[in-house]
Number of protein chains: 2
Amino acid sequence: MVTFNDSKPTIDVLCPTRRGLSLLSNQWTLLVLGALHKGTLRFSELQTIIEGISKKMLTQTLRDLERNGLIKRVVYPVIPPMVEYSLTPLGETIIEPIWAFRDWSEEHIEEVERAREEYDRRSRLPLQEQTAALVQQRAHEASEL
Amino acid sequence: MVTFNDSKPTIDVLCPTRRGLSLLSNQWTLLVLGALHKGTLRFSELQTIIEGISKKMLTQTLRDLERNGLIKRVVYPVIPPMVEYSLTPLGETIIEPIWAFRDWSEEHIEEVERAREEYDRRSRLPLQEQTAALVQQRAHEASEL
DNA sequence: CGGGATCCAACATGATACTG
DNA sequence: CAGTATCATGTTGGATCCCG
């Protein structure tokens with residue numbers, strides 16, 4: 001079986017995994033959740049911590065996370081405004097999978113990037129040399145065993 | 001510390017997590033990897049299994065995964081063509097984080113969806129009633145303790 | 001069968017300006 | 001400070017047609 005829901009041999013549009021995947025529709029979501037892991041942060045603190053995020057995307061990401069019940073938003077009626085964000089209990093539960101992915105990235109991302117460079121290098125060669133490069137590669141792999 | 005790389009108090013653009021995140025740039029990547037977990041599959045099998053994916057996106061996703069060294073592509077010189085895809089050893093390593101996310105989704109996605117409906121329902125109310133709804137909510141939470 | 005090439009609509013996102 | 005609104009642009013992905 002290759003299913004994600006252990007009931008059909010297809011990966012159904014409505015299986016939990018795909019519904020969950022929709023939460024990570026933008027690349028910032030996971031980073032915001034990760035940043036909030038240690039506790040409460042203000043809007044401006046998040047924007048400082050998450051390098052490169054625009055105000056617009058941070059706002060939008062925070063709204064989505066709040067809407068999905070993963071974070072809590074607290075507005076203090078002061079001037080200038082102050083808004084604090086923190087994980088809800090539900091939000092805390094998603095930290096573990098995020099850490100799993102972070103750990104995988106730290107351990108394997110460089111191998112991925114090496115593979116990518118190798119692929120790109122090879123794709124710039126004429127066809128005949130590609131075959132030769134592959135033979136080389138196989139010989140290299142064999143020598144590692 | 002809220003960092004993802006345990007070196008700076010920011011989530012750096014080049015930290016492993018963000019470089020890893022770029023692998024999941026499209027929503028199909030994770031599903032394709034999951035589908036290949038049990039073994040080799042042909043292009044057409046993948047398209048059948050992953051409900052809703054277009055030929056174009058499947059092709060593109062498979063190319064990216066191959067480029068990143070996560071899957072292997074084997075072309076059999078027959079007519080009609082036959083192409084088989086399978087995980088590389090590197091690709092196998094990413095299955096565990098994927099399963100972590102799948103398990104989280106199965107366990108928590110319904111709570112997320114309930115929160116979302118609640119949020120949407122509440123946002124359709126006039127402001128005064130929103131406050132009342134929040135008071136209700138707090139009372140409900142308190143009764144659960 | 002497993003693509004590649006092209007066109008086009010929808011969406012995502014950055015920049016900028018404005019506000020309580 | 002923490003947003004919202006608007007505009008401009010780039011990217012994505014589906015549909016379609018073609019090919020060996």
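Chain letters run A, B, ... following the sequence lines, proteins first, then strands; residues in each count from 1.
- One can place NZ of B/Lys55 at 13 Å from C1' of D/dG14, the figure rounded to the nearest angstrom.
- Atom CG of A/Leu58 and atom C1' of D/dA2 are 10 Å apart (whole Å).
- At distances below 3.5 Å, not a single donor-acceptor pair connects side-chain atoms of B/Thr88 with backbone N or O atoms of B/Lys72.
- Taking the charged nitrogens against the carboxylate oxygens, A/Arg18 and A/Asp12 have no contact shorter than 4.0 Å, which rules out a salt bridge.
- Each of C/dG14, D/dG20, D/dG13 was ranked by its minimum atom distance to the side chain of B/Gln60; first place goes to D/dG13.
- Note on A/Val83 and A/Ile79: separate hydrophobic clusters, where clusters join Ile, Leu, Val, Met, Phe, Trp and Tyr whose side-chain heavy atoms are under 4.5 Å apart, directly or indirectly.
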Practice problem: List the steps and the verdict of side chain to side chain contact (heavy atoms under 4.5 Å, CB included) for B/Arg19 and A/Glu110. | Solution: CA-CA 9 Å; B/Arg19 310 218 302 282; A/Glu110 293 192 3; 4.0 Å; yes
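- Rounded to whole Å, the distance from CH2 on A/Trp28 to C1' on C/dT13 is 10 Å.
- Phosphate contact (OP1/OP2 of C/dG2, side-chain N/O of B/Ser44, threshold under 4.0 Å): present.
- Ring geometry for B/His108 against B/Trp104 counts as tilted: the plane angle lies between 30° and 60°, on a 0 to 90° scale.
- Distance from the side chain of B/Asn26 is smallest for D/dG13 among the nucleotides D/dA2, C/dG14, D/dG13.
- Between C/dG14, C/dG3, D/dA2, one nucleotide has an atom nearer to the side chain of B/Arg63 than all others, and that is C/dG3.
- Distances shown here put a side-chain N or O of A/Arg42 below 4.0 Å from the OP1 or OP2 atom of D/dA2.
- Within 4.0 Å (heavy atoms only), B/Tyr76 reaches no atom of the nucleic acid at all.
- Note on ring orientation: taking the six-membered ring where Trp is involved, the planes of A/Tyr85 and A/Phe43 are tilted (angle from 30° to 60°).
- One can place CD of B/Glu66 at 15 Å from P of C/dG2, the figure rounded to the nearest angstrom.
- A straight line from CZ of A/Arg73 to C1' of D/dA2 spans 8 Å, rounded to a whole angstrom.
- Annotation: of the two residues near DNA chain C, A/Pro81 and A/Ser25, the 5′-most nearest-nucleotide partner is A/Ser25.
- Residues B/Thr17 and B/Ile11 are not in side-chain contact: their nearest non-hydrogen atoms beyond the backbone lie 4.5 Å or more apart.
- Overall bending of the helix from C/dC1-D/dG20 to C/dG20-D/dC1, expressed as the angle between end axes built from five pairs apiece, is 50° (10° steps).
- Salt-bridge check for B/Arg114 with B/Glu118: failed, with every basic side-chain N at 4.0 Å or more from each acidic carboxylate O.
- Here A/Tyr85 reaches the OP1 or OP2 of D/dG3: one of its side-chain N or O atoms lies under 4.0 Å away.
- Nearest to the side chain of B/Phe43, among D/dG14, C/dG2, D/dG3, sits C/dG2.
- Between A/Met57 atom CE and D/dA2 atom P the separation is 18 Å, expressed in whole Å.
- At a threshold of 4.0 angstrom between heavy atoms, the contacts of B/Pro80 are confined to the sugar-phosphate backbone, with no base atom among them.
- Here C/dA15 presents its P atom at 11 Å from CD of A/Gln47, a figure rounded to the nearest Å.
- Between the CD atom of A/Glu45 and the C1' atom of D/dA2 there is a distance of 13 Å, given to the nearest Å.
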